[in-house]
Protein chains: 2
Amino acid sequence: MIQDISSQILKGILQGIMLLILDQQPEYGYGLGRKLNDYGLVAIPKGTIYPLLTTMEKRGLIEGRIQSSPAGPDRKYYFITAAGITAKNEFTNEWRQLENVVNKLLDKESKK
Amino acid sequence: MIQDISSQILKGILQGIMLLILDQQPEYGYGLGRKLNDYGLVAIPKGTIYPLLTTMEKRGLIEGRIQSSPAGPDRKYYFITAAGITAKNEFTNEWRQLENVVNKLLDKESKK
DNA sequence: TTTCACTAGTTTGCTTTACAAACTAGTATT
DNA sequence: AATACTAGTTTGTAAAGCAAACTAGTGAAA
């Protein structure tokens with residue numbers, strides 16, 4: 001069963017996760033929401049996803065291009081930029097450090 | 001060499017980390033800053049640490065008791081409460097899920 | 001044919017988080 | 001007396017997450 005992950009714990013990490021996904025292949029907002037869901041992040045609200053994509057585009061990390069859908073409204077596909085790849089790599093490093101810190105603490109706890 | 005972890009990536013996670021530390025033993029704000037540093041989290045500013053401790057106390061997760069220092073100003077030691085332990089366990093679960101999602105993506109990336 | 005469901009995106013306003021900066025104050029060393 | 005280190009509070013700002021309200025296209029059922 002997939003429990004939900006509180007918004008708090010996601011703060012700031014969502015951008016990194018999105019960069020990792022977009023580095024695999026371009027995606028549009030709605031599809032990204034579904035993909036996030038598939039990865040185990042239950043129902044990231046669109047009030048979070050869309051504004052974040054807009055902000056990331058302003059930062060030059062991704063680029064949106066509107067493409068028509070085979071069925072339904074147009075989609076805005078986002079492509080990762082060179083700056084986005086740099087940011088993705090920075091995120092990866094920071095993530096590994098954070099993971100290390102938390103896991104050291106969890107280890108300590110399990111040995112109590 | 002320890003790189004620093006950007007504030008963004010820490011958002012919301014710091015509370016969980018602090019609960020894990022305080023579950024080991026009571027600490028005061030200043031000492032917590034040093035401990036965080038020792039764990040590899042470079043220089044978490046006191047403008048972050050102290051207000052967060054206050055908020056956590058308001059939430060009933062920890063309790064502060066002033067104790068005199070052998071040398072220097074008084075210290076406010078924080079003790080984890082029963083509610084704090086519950087919150088710590090919730091954080092642990094959420095952390096493991098998040099870790100799983102990010103690592104799945106990092107795996108995918110390494111296989112590109 | 002109009003109503004519903006699903007898809008797709010934008011914008012507004014609110015709450016919380018992180019934090020720099022300014023402040024107070026005790027102890028210790030030079 | 002001045003400086004450095006320790007210890008904590010308070011204020012104001014920016015950014016993040018998100019609910020909610022809105023627009024709008026497609027397709028199927030009624």
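By convention in this document, chain letters (A, B, ...) are assigned in the order of the sequence lines, proteins followed by strands, and residues within each chain are numbered from 1.
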Item to check | Nucleotide-resolved protein contact map, nucleotides 25-30 of chain D, B/S/- at heavy-atom distance under 4.0 Å | outcome: BSS---
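For A/N100, the side-chain contact (heavy atoms from CB on, under 4.5 Å) partners are A/K104, not counting sequence neighbours. Applying the side-chain contact (heavy atoms from CB on, under 4.5 Å) test to A/E63 and every residue at least two apart in sequence or in another chain returns A/R65, A/T81. By the salt bridge (charged side-chain N to carboxylate O under 4.0 Å, His left out) test, B/E57 pairs with no residue at all, sequence neighbours left out. Applying the side-chain contact (heavy atoms from CB on, under 4.5 Å) rule to A/K76 yields the partners A/I66, A/Y78; only residues at least two apart in sequence or on another chain are considered. B/E90 is linked by a side chain to side chain donor-acceptor pair (under 3.5 Å) to nothing, counting only residues two or more places apart in sequence or in another chain.
Considering only side-chain N and O atoms, A/R59 lies nowhere under 4.0 angstrom from the phosphate OP1 or OP2 of D/dA15.
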Taking distance alone, no hydrogens or angles, what donor-acceptor pairs closer than 3.5 Å link side-chain atoms of residues 24-36 of chain A to residues at least two apart or in another chain?
from: A/E27; atom 1: OE2; to: A/K35; atom 2: NZ; distance (Å): 3.3
from: A/Y28; atom 1: OH; to: A/R34; atom 2: NH2; distance (Å): 3.1
from: A/Y28; atom 1: OH; to: A/R75; atom 2: NE; distance (Å): 3.4
from: A/Y28; atom 1: OH; to: A/R75; atom 2: NH2; distance (Å): 3.3

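Between the CD1 atom of A/I44 and the P atom of D/dA19 there is a distance of 10 Å, rounded to whole Å.
The stretch residues 26-35 of chain B touches DNA chain D through B/Y28, B/G29, B/Y30, B/R34, each having a heavy atom within less than 4.0 Å of the strand. Near DNA chain C, meaning a heavy atom under 4.0 Å from it, residues 60-68 of chain A has no residue at all. Using a 4.0 Å cutoff on non-hydrogen atoms, the parts of residues 46-55 of chain B near DNA chain C are B/G47, B/T48, ordered by number.
Summary for the helix from C/dT1-D/dA30 to C/dT30-D/dA1: the axes at its two ends, each from 5 pairs, differ by 10° when rounded to the nearest 10 degrees.
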